[in-house]
Amino acid sequence: MKVWLVPLNTTIGDIQGNAGRMRRVLSEAAALGNTVGGGESRGGAPDLVIFPELAITGYPPKDLLLQEGFLDAAERAAAEVGESCGAGVTVVLGVPLRRGEGIANSLVAYRDGVRLARYDKRLLPTYDVFDEDRYFVAGDEAVVIDVPSAGGAVRVGLSICEDLWRGEDVGFSARYEGREDPVRALVRAGARVIVNPSASPFVLGKGRRHHDLLAMHAVRHGVPVLAVNQLGGNDELVFDGHAVAIGPRGEVIAANAGFDDAPLPVDVPCGELGEGIEGSRDRGIEAGGMGDDPYLAACDEELLYRVLVLGVRDYMRKTGFKTAVLGLSGGIDSAVTAVIAAAAVGAANVHGIALPSRYSSPGSLADAAELARRVGMPHRVIPIEPGYAALLGSLAGPFAGTAADVTEENLQSRLRGTILMALSNKFGHLLLTTGNKSELAVGYCTLYGDMNGGLAVLSDVTKQWVYRLARWMNENVGKGSVGKGSRDRGIEGS
């Protein structure tokens with residue numbers, strides 16, 4: 001069976017835009033071959049195309065689900081996508097649908113313009129960044145569809161994200177105690193292949209746990225397991241677009257490197273099913289491995305770099321910003337932020353501003369200028385000394401008889417923030433905040449000062465990881481978009 005796993009980059013709430021992207025993919029699939037009768041090969045055309053969880057609306061849609069007309073528009077768009085697929089192609093996509101008095105997080109399957117089935121997600125995550133119990137009601141049925149292929153019809157079981165995790169991603173599954181295992185139910189219903197569209201936010205190390213989880217299900221039940229994750233940045237959540245197919249013995253059949261919306265073609269060996277090993281969680285999985293998965297072959301620094309670049313690019317694209325601005329202090333945080341931003345939207349579209357005061361060292365100014373030169377980004381120096389002196393003059397009366405302390409230091413930061421926000425307002429730049437997670441955690445930052453900005457690029461990156469990122473960037477200048485536009489070596493300060 002030929003399958004396309006499509007890591008669609010969705011925009012939350014853009015129902016027509018998301019549906020249009022799916023129709024274009026299906027048009028490409030149809031162009032690869034025409035359906036012929038008698039079970040003959042269709043050339044390069046896929047038998048089954050799978051889009052991510054809630055691909056029609058984007059994930060997470062949150063309160064948009066409660067807006068009048070939103071669900072109707074989503075269901076209509078899903079039908080339009082399903083009806084547009086070429087003859088003989090089965091398409092599975094995620095869409096919210098009414099379920100009684102509530103709403104379900106659903107998959108629908110279409111072929112030849114007809115809806116074949118609907119599956120409602122059975123396990124609803126409500127922890128960490130997830131809040132699905134608030135919006136959705138859980139399904140209670142295993143759904144298996146028949147997908148025609150050159151080798152005959154294949155029984156394909158439908159599942160969504162958490163149905164395979166059962167809370168494993170946060171180290172517990174007690175909240176699902178007493179609930180039927182959705183995967184075991186699918187196999188009992190006759191599924192010989194399990195598909196798992198998802199919208200699982202990126203977390204360092206999660207990809208390896210995800211691989212082990214998919215392999216465990218594949219080996220335990222002796223069936224291939226196919227997973228495709230949503231792609232793209234949606235505010236603070238970024239989705240890596242990883243797609244992978246695991247064979248019945250735990251081997252990697254096909255996988256992408258993530259961070260790309262190109263369909264992953266998979267030839268699923270449905271005629272070579274495993275025997276299934278109940279209890280394989282305890283025995284461990286000896287067969288297969290991660291060596292054939294380019295996503296997992298990448299080091300953590302590369303994955304973090306790519307996800308931050310994707311997050312900045314998509315935030316700007318989806319909110320309409322074309323250019324960015326940030327303060328360049330000569331330090332490592334602003335340097336790393338500048339390189340990420342330049343990779344995301346092009347160095348010419350990132351404006352670096354140095355804002356020296358009486359306390360600024362010549363070295364910090366020189367480092368900021370050199371960083372801008374190497375990245376190839378516009379650079380401007382705007383001294384804050386005149387404004388700082390004016391502020392001190394205004395406060396001379398109230399501050400009389402007091403010693404200088406953190407108050408005067410914070411005045412500098414707030415003045416810099418005011419200037420950067422003025423540049424943002426005047427020229428339509430997105431102001432990028434450069435503070436890291438360690439600083440935010442201990443309060444080593446200034447409210448209304450260096451915390452100003454529309455997007456905090458490093459807000460979930462600790463100082464240790466900032467340095468690790470910088471070292472990796474310096475060692476990989478020219479790889480992909482790292483250091484694009486620079487003339488010498490990598491960023492300074494690592």
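Computation of the quantities below employed the complete heavy-atom set of this structure, encompassing side-chain atoms and omitting hydrogens, waters and symmetry-equivalent molecules.
Rounding to the nearest 0.5 Å gives a distance of 10.5 Å between CG of Leu158 and CG of Asp120. Once rounded to the nearest 0.5 Å, the distance linking CG of Leu431 with CG of Leu326 reads 8.0 Å. To the nearest 0.5 Å, atom CG of residue Leu226 and atom CE of residue Met1 are 6.5 Å apart. Between Asp450 atom CG and Ser334 atom OG the span is 11.0 Å, to the nearest 0.5 Å. For the atom pair Cys85 SG and Leu93 CG, the distance stands at 9.5 Å (nearest 0.5 Å). The NZ atom of Lys437 lies 7.5 Å from the OG1 atom of Thr462; values are rounded to the nearest 0.5 Å.
Side-chain contact check for Asp240 and Asn229: at least one donor-acceptor pair (N or O, by modelled atom type) lies under 3.5 Å. For the residue pair Asp333 and Thr434, no side-chain donor N or O sits within less than 3.5 Å of a side-chain acceptor on the partner. No donor-acceptor contact under 3.5 angstrom links the side chains of Ser149 and Asp47, judged on distance only. No hydrogens or angles considered: nothing links the side chains of Thr323 and Asn349 as a donor-acceptor pair under 3.5 Å.
Heavy atoms only, all atoms of each residue included: Asn436 and Glu439 are closest at OD1-N, 3.0 Å. Considering every non-hydrogen atom in both Ala142 and Leu186, the closest pair reads CB-CD2, 3.9 Å. Of all heavy-atom pairs between Pro197 and Ile50, the closest is CG-CG2, 3.7 Å. Nearest approach of Val266 to Ala245, heavy atoms of both residues: CG1-CB, 3.6 Å. Cys161 and Lys121 make their closest contact through CB-NZ, 4.2 Å (heavy atoms, listed as atom of the first residue, atom of the second, distance). When all heavy atoms of Leu432 and Ala324 are compared, the pair lying nearest together is CD1-CB, 3.9 Å.
Considering only heavy atoms from C-beta on, Leu371 stays 4.5 Å or farther from His379 through its side chain. Side-chain contact check for Asp260 versus Leu231: every heavy-atom pair is 4.5 Å or farther apart. When side chains are defined from C-beta on, Arg155 counts as touching Asp146, because their heavy atoms get closer than 4.5 Å. Proximity of Val49 to Met22: side-chain heavy atoms (C-beta onward) are nowhere separated by under 4.5 Å. Using a 4.5 Å cut-off on side-chain heavy atoms (C-beta onward), Asn105 and Tyr135 make no contact. Residues Gln16 and Glu80 meet the side-chain proximity criterion, which asks for heavy atoms closer than 4.5 Å. Between Glu236 and Val129, the closest side-chain pair of non-hydrogen atoms is not below 4.5 Å. Residues Pro263 and Phe51 form no side-chain contact, since every pair of their non-hydrogen atoms from C-beta on lies 4.5 Å or further apart.
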Applying side-chain contact (heavy atoms from CB on, under 4.5 Å) to Val457 and Val336, what does each step give before you reach the verdict? CA-CA 9 Å; Val457 179; Val336 167; over 6 Å; no
Could you walk me through whether Ile246 and Glu251 satisfy the side-chain contact (heavy atoms from CB on, under 4.5 Å) test, starting with their C-alpha distance in whole Å, then the side-chain angles of each, then the deciding distance to 0.1 Å, before giving a yes or no? CA-CA 6 Å; Ile246 305 293; Glu251 74 278 15; 5.8 Å; no
List the steps, then state whether salt bridge (charged side-chain N to carboxylate O under 4.0 Å, His left out) holds for Asp314 with Arg317. CA-CA 5 Å; Asp314 268 6; Arg317 178 175 64 86; 3.1 Å; yes
Working note: Leu8 + Asp261, criterion side-chain contact (heavy atoms from CB on, under 4.5 Å); need CA distance, chi angles, decisive distance, verdict. CA-CA 6 Å; Leu8 201 72; Asp261 62 359; over 6 Å; no
Passes salt bridge (charged side-chain N to carboxylate O under 4.0 Å, His left out), Arg208 versus Asp300? Steps please. CA-CA 11 Å; Arg208 292 174 179 82; Asp300 285 343; 3.2 Å; yes
Would Val223 and Val193 count as a side-chain contact (heavy atoms from CB on, under 4.5 Å) if you check the C-alpha gap in whole Å, the side-chain angles of each, and the deciding distance to 0.1 Å? CA-CA 5 Å; Val223 298; Val193 174; 5.9 Å; no
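For the pair Glu28 and Arg24, the salt-bridge criterion is not met [side-chain N within less than 4.0 Å of a carboxylate O].
Here the rule is side-chain contact (heavy atoms from CB on, under 4.5 Å) with Phe239, and of Asn234, Val307, Asn9 only Asn234 fits it. The only option from Glu180, Glu162, Glu141, Glu132 that meets the salt bridge (charged side-chain N to carboxylate O under 4.0 Å, His left out) definition with Arg122 turns out to be Glu180. In summary, of the residues considered (Lys318, Gln230, Arg21, Glu53), a side-chain hydrogen bond (donor to acceptor under 3.5 Å, both in side chains) with Thr10 occurs for Gln230 alone.
Using cut-offs of 30° and 60° for the angle between ring planes, the Tyr305 and Trp472 rings count as tilted. Using the six-membered ring where Trp is involved, Tyr295 and Phe259 have ring planes that are parallel, under 30° apart on the 30 and 60° scheme. His217 and His221 have parallel rings, their planes meeting at less than 30° on a 0 to 90° scale where 60° marks the start of perpendicular.
With hydrogens and angles disregarded, a donor-acceptor distance shorter than 3.5 Å links the side chain of Asp181 to the backbone of Val183. Remark: the backbone N or O of Leu123 is paired with a side-chain donor or acceptor of Asp163 at under 3.5 angstrom. A donor-acceptor pair under 3.5 Å links the side-chain atoms of Ser438 to the main chain of Lys463, judged by distance alone. Put simply, the side chain of Ser159 gets close to the backbone of Val195: a donor and an acceptor are under 3.5 Å apart.
A cation-pi arrangement is found for Lys206 relative to Trp165, the charged atom lying closer than 6.0 Å to the ring centre and inside a 45° cone about the ring normal.
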